[in-house]
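Sharing a structure, written as structure tokens. Questions coming.
Computation of the quantities below employed the complete heavy-atom set of this structure, encompassing side-chain atoms and omitting hydrogens, waters and symmetry-equivalent molecules.
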Amino acid sequence: MFDDQSRRSALKILGGSLLAGALPLGLATPAFAANKRIALVVKNLGNSYFDACRDGAQQAAKELGGLEIIYTAPTKATAEDQIAVIDALIAQKVDGIIVSANDANALVPVGKKAAQRGIKVISFDSAIAKGGRIMHLNASSTEMIGAKQVQMISKTLKGEGEVAILSAASTMTNQNSWIAAMKKEWEKPEYAKLKLVDTVYGDDQDDKSYREMQGLVKTHPNLKGVISPTTIGIRAGAKAIIDGGLAGKVFITGLGLPSEMKDAVLKGACDSFAIWNPVDYGYAATQILAGIIGGEGAKPGSTVKMGRMGETKIGEDGEAVMGEPFTFDKSNVEKYAKIF
């Protein structure tokens with residue numbers, strides 16, 4: 001769990017979207033003289049997490065002035081469909097693109113193509129590989145996100161039992177990075193009796209994630225816990241647990257939205273889960289890209305501005321971190337479910 005200082009920091013992050021429009025001195029970015037267009041290209045449509053990111057991007061645009069947000073995504077979470085969307089935006093001559101990549105390497109050529117046309121490209125949520133973007137904004141550190149999910153399921157199961165992972169698509173950068181971080185955390189001696197028995201992929205689709213959850217229970221009759229580092233996977237997995245009459249017997253944790261996980265927590269399918277505020281995530285990424293379009297530097301070692309979210313430093317790998325994840329459980333889920 002977080003110490004008091006970290007908890008206050010996380011609460012500040014979660015509450016950021018509720019703050020008034022006034023910015024701390026020195027963090028404001030001047031309005032553009034002419035209208036600029038930034039496209040927010042996410043993995044797929046119909047995803048509440050990304051809809052919340054869109055809301056944050058629109059908050060930033062309103063705050064900055066002279067900025068239009070184009071929110072778009074493929075209907076299927078595939079690299080091919082996402083490339084087609086980005087190609088169309090290049091043809092429209094947008095000024096900047098923020099991408100959550102369905103495939104890190106597959107999007108590099110189209111990212112380079114956009115750069116050659118003078119379009120500024122950054123990624124967030126799921127990175128494009130370095131050659132296809134200026135920088136990547138992580139919601140939190142990979143190590144912290146991965147470790148947190150193992151810690152939560154271990155606490156729920158009192159450190160003992162069979163556990164599986166229900167991921168999104170096998171090609172998604174963030175999913176694979178978080179799973180690698182989970183496995184590193186799992187090597188610690190306190191998890192010796194917590195056994196990882198399977199990893200399955202729901203491709204960030206509700207119906208497939210639901211079926212994969214059902215399959216896990218059938219394949220592993222002694223399964224006690226599931227970690228799902230995707231908002232679609234955790235909500236679909238929780239529904240399968242509840243529908244199967246397994247609440248209180250099998251527990252799911254991972255990364256979810258309070259508004260979508262409230263019932264699962266109250267019904268006993270989920271003891272705790274974590275997430276950052278997606279509204280603030282979309283807001284911060286938009287503030288950064290607006291600054292880049294306005295001429296601010298974004299090389300390794302540079303400090304970039306995130307409006308009300310403060311500032312962040314870009315590492316040597318071309319990546320930066322917005323803030324820390326926050327844990328939700330019965331004590332607070334109903335409160336935050338009203339926010340996002």
**Item:** Qualifying ring pair (Phe, Tyr, Trp, His ring centres under 6.0 Å) pairs, either residue in residues 55-90, two or more places apart
**Value:**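 Qualifying pairs, neighbours excluded: none.
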**Asked** Is it true that a side-chain atom of N138 and a backbone atom of S140 form a donor plus acceptor pair closer than 3.5 Å?
**Response**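 Such a contact is absent between N138 side chain and S140 backbone.
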**Message:** Among L137, D125, T286, which residue satisfies the side-chain contact (heavy atoms from CB on, under 4.5 Å) criterion with I98?
**Reply:**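 One option only clears the test, and that one is T286.
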**Item:** Closest contact, heavy atoms only, E185 versus A147
**Value:**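 Smallest heavy-atom distance, with atoms named: OE1-CB, 3.5 Å.
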**Any donor-acceptor N/O pair, Q287 side chain to A57 backbone, under 3.5 Å** =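 No.
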**Message:** Rounded at 0.5 Å granularity, tell me how far CD in Q151 sits from CH2 in W186.
**Reply:**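 Separation between the atoms: 12.0 Å.
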**Contact check, side chains of L266 and E334, non-hydrogen atoms, under 4.5 Å** =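 They are in contact (side-chain heavy atoms under 4.5 Å apart), so the answer is yes.
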**Item:** Test log, rule side-chain contact (heavy atoms from CB on, under 4.5 Å), inputs Y281 and M322
**Value:** CA-CA 7 Å; Y281 201 12; M322 182 184 74; 4.0 Å; yes
**Item:** Taking every non-hydrogen atom, the tightest pair across P258 and I275
**Value:**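 Shortest heavy-atom separation between P258 and I275 comes out as CD-CG2, 4.4 Å.
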**Message:** Could you measure the distance from the CD atom of E68 to the CD atom of Q58? Nearest 0.5 Å is fine.
**Reply:**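 So the gap between those two atoms works out to 10.5 Å.
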**Message:** Is it true that N277 and Y336 share a donor-acceptor pair across their side chains at a distance under 3.5 Å?
**Reply:**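 Y336 vs N277: no donor-acceptor pair found between side chains.
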**Message:** Considering only residues two or more places apart or on different chains, which pairs with a residue in residues 77-110 satisfy ring pair (Phe, Tyr, Trp, His ring centres under 6.0 Å)?
**Reply:**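 Not a single pair qualifies under ring pair (Phe, Tyr, Trp, His ring centres under 6.0 Å).
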**Request:** State, with a plain yes or no, whether a side-chain heavy atom of S167 is found less than 4.5 Å away from one of I227.
**Result:**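 Result no, sub-4.5 Å side-chain heavy-atom pair not found.
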**Prompt:** Can D271 and K330 be counted as an ion pair, charged N to O under 4.0 angstrom?
**Reply:**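 No.
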**Asked** Mind checking whether E311 and M306 have side chains closer than 4.5 Å, heavy atoms only?
**Response**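 Contact flag for E311/M306 side chains = no.
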**Item:** Side chain S259, main chain A337, donor-acceptor under 3.5 Å
**Value:**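 Checked: no pair found.
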**Request:** Sequence neighbours left out, what pairs pass ring pair (Phe, Tyr, Trp, His ring centres under 6.0 Å) with at least one residue falling in residues 74-109?
**Result:**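 Listed by first then second residue: nothing to list.
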**Prompt:** Which is it for K239 and E260 under the salt bridge (Lys or Arg N to Asp or Glu O under 4.0 Å) test, yes or no, and what are the steps along the way?
**Reply:** CA-CA 10 Å; K239 187 176 189 305; E260 295 180 347; over 6 Å; no
**Item:** Pairing of K299 and E316 as salt bridge, 4.0 angstrom limit
**Value:**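 No, this pair does not count.
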**Prompt:** For D203, which residues count as a salt bridge (Lys or Arg N to Asp or Glu O under 4.0 Å) partner, sequence neighbours excluded?
**Reply:**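 Only K208 meet the salt bridge (Lys or Arg N to Asp or Glu O under 4.0 Å) criterion with D203.
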**Request:** Test E63 against Y283 for side chain to side chain donor-acceptor pair (under 3.5 Å), laying out the working first.
**Result:** CA-CA 10 Å; E63 213 170 74; Y283 171 92; 2.5 Å; yes
**Polar side-chain atom of R37 near backbone of Q92 as donor-acceptor pair, under 3.5 Å** =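 Yes, because the side chain of R37 sits within donor-acceptor range (under 3.5 Å) of the backbone of Q92.
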**Prompt:** Can you tell me how far the CD1 atom of I241 sits from the CG atom of D243, to the nearest 0.5 Å?
**Reply:**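 CG of D243 is found 10.5 Å from CD1 of I241.
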**Message:** For a 4.5 angstrom cut-off between non-hydrogen side-chain atoms, does V163 reach K195?
**Reply:**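 Contact flag for V163/K195 side chains = no.
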**Request:** Would you kindly confirm whether M172 and V200 end up in one hydrophobic cluster when ILVMFWY residues are joined by side chain heavy atoms under 4.5 Å apart?
**Result:**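 They do not share one cluster, since no chain of ILVMFWY contacts under 4.5 Å joins M172 to V200.
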**Prompt:** With the threshold set at 4.0 Å, does a side-chain nitrogen-carboxylate oxygen contact exist between D317 and K130?
**Reply:**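 No salt bridge links D317 with K130.
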**Message:** By the side-chain hydrogen bond (donor to acceptor under 3.5 Å, both in side chains) test, which pairs, at least two apart or in different chains, include something from residues 113-123?
**Reply:**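 Only D87-K113, S123-H136 qualify under side-chain hydrogen bond (donor to acceptor under 3.5 Å, both in side chains).
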**Asked** What are the two closest heavy atoms between L223 and E162, and how far apart are they?
**Response**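 Closest approach of L223 to E162, heavy atoms only: CD1-O, 3.6 Å.
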**Message:** Applying a strict under-4.5 Å side-chain criterion to I, L, V, M, F, W and Y, I'd like to know whether F326 and I234 cluster together.
**Reply:**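 Yes, it is one cluster - the side chains of F326 and I234 are joined through contacts under 4.5 Å.
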**Request:** Evaluate the criterion side-chain contact (heavy atoms from CB on, under 4.5 Å) for residue pair Y49 and F340; output intermediate values, then yes/no.
**Result:** CA-CA 9 Å; Y49 171 83; F340 67 99; over 6 Å; no
**Message:** Can you confirm whether L194 sits close enough to K188 that some side-chain heavy atom of one is under 4.5 Å from a side-chain heavy atom of the other?
**Reply:**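 They are not in contact (no side-chain heavy atoms under 4.5 Å apart), so the answer is no.
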**Prompt:** Within a strict 4.5 Å, meaning less than it, do heavy atoms of the P74 and N102 side chains meet?
**Reply:**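 Heavy-atom side-chain distance check passes, below 4.5 Å.
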**Request:** List the steps and the verdict of side chain to side chain donor-acceptor pair (under 3.5 Å) for Q59 and R54.
**Result:** CA-CA 9 Å; Q59 285 181 7; R54 171 205 61 201; over 6 Å; no
**Message:** If hydrophobic residues (ILVMFWY) are linked whenever their side-chain heavy atoms come closer than 4.5 Å, directly or via other members, who joins V108 in its cluster?
**Reply:**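 Under the 4.5 Å side-chain rule, V108 groups with V41, I70, I83, V85, I86, L89, I90, V94, I97, V99, L107, V110, I119, V121, I128.
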**Message:** So, taking the atom named CG in N174 and the one named CG in L255, what distance separates them when rounded to the nearest 0.5 Å?
**Reply:**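 Rounded to the nearest 0.5 Å, the CG-CG separation comes to 9.0 Å.
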**Asked** Judged by atom type as modelled, is there a donor-acceptor pair below 3.5 Å linking the side chain of T173 to the main-chain atoms of A127?
**Response**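 Judged by distance alone, yes, a pair lies under 3.5 Å.
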**Asked** If you group Ile, Leu, Val, Met, Phe, Trp and Tyr by side-chain heavy-atom gaps below 4.5 Å, do I288 and V321 land in one group?
**Response**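 I288 does not cluster with V321.
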**Message:** Could you go through S100 and F124, starting from their C-alpha distance and side-chain angles, then the distance that decides it, and tell me whether this counts as side-chain contact (heavy atoms from CB on, under 4.5 Å)?
**Reply:** CA-CA 5 Å; S100 173; F124 85 131; 3.9 Å; yes
**Request:** Would you check if T231 and F50 make a side-chain contact, meaning some heavy-atom pair closer than 4.5 Å?
**Result:**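 Contact flag for T231/F50 side chains = no.
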**Geometric class of the F328/F273 ring pair [parallel <30°, tilted 30-60°, perpendicular >60°]** =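 Ring orientation, 0 to 90° scale: parallel.
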**Message:** Are I242 and L216 connected into the same hydrophobic cluster when the rule is that any two of I, L, V, M, F, W, Y join if their side-chain heavy atoms are below 4.5 Å apart?
**Reply:**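 Each belongs to a different hydrophobic cluster.
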**Path from M213 to M152 over hydrophobic side-chain contacts below 4.5 Å** =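 No, no single cluster joins them.
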**Shortest non-hydrogen separation from A247 to K267 and the atoms involved** =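 Closest pair (atom of A247, atom of K267, distance): CB-O, 3.4 Å.
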**Donor-acceptor contact present, side-chain R133 to main-chain G318, <3.5 Å** =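 Side chain of R133 to backbone of G318: a pair is present.
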**Asked** Can you name the nearest heavy-atom pair linking V304 to G297, along with the distance?
**Response**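 Shortest heavy-atom separation between V304 and G297 comes out as CG1-O, 3.8 Å.
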**Message:** Is the shortest side-chain heavy-atom distance between K155 and S272 below 4.5 Å?
**Reply:**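 The answer is no; the side chains never approach within 4.5 Å.
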**Request:** Return the minimal non-hydrogen interatomic distance between L166 and S209, and the atom names on each side.
**Result:**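 Nearest heavy atoms, L166 then S209: CD2-O, 3.9 Å.
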**Prompt:** What's the spacing between E212 CD and S228 OG if we round to 0.5 Å?
**Reply:**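 If we round to the nearest 0.5 Å, E212:CD and S228:OG are 11.0 Å apart.
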**Request:** Report the distance from atom OG of S302 to atom CD1 of I314, rounding to the nearest 0.5 Å.
**Result:**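 That separation rounds to 5.0 Å.
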**Request:** Under the side-chain contact (heavy atoms from CB on, under 4.5 Å) rule, what do N47 and I232 come out as? Steps first, then yes or no, please.
**Result:** CA-CA 7 Å; N47 188 321; I232 291 178; 3.3 Å; yes
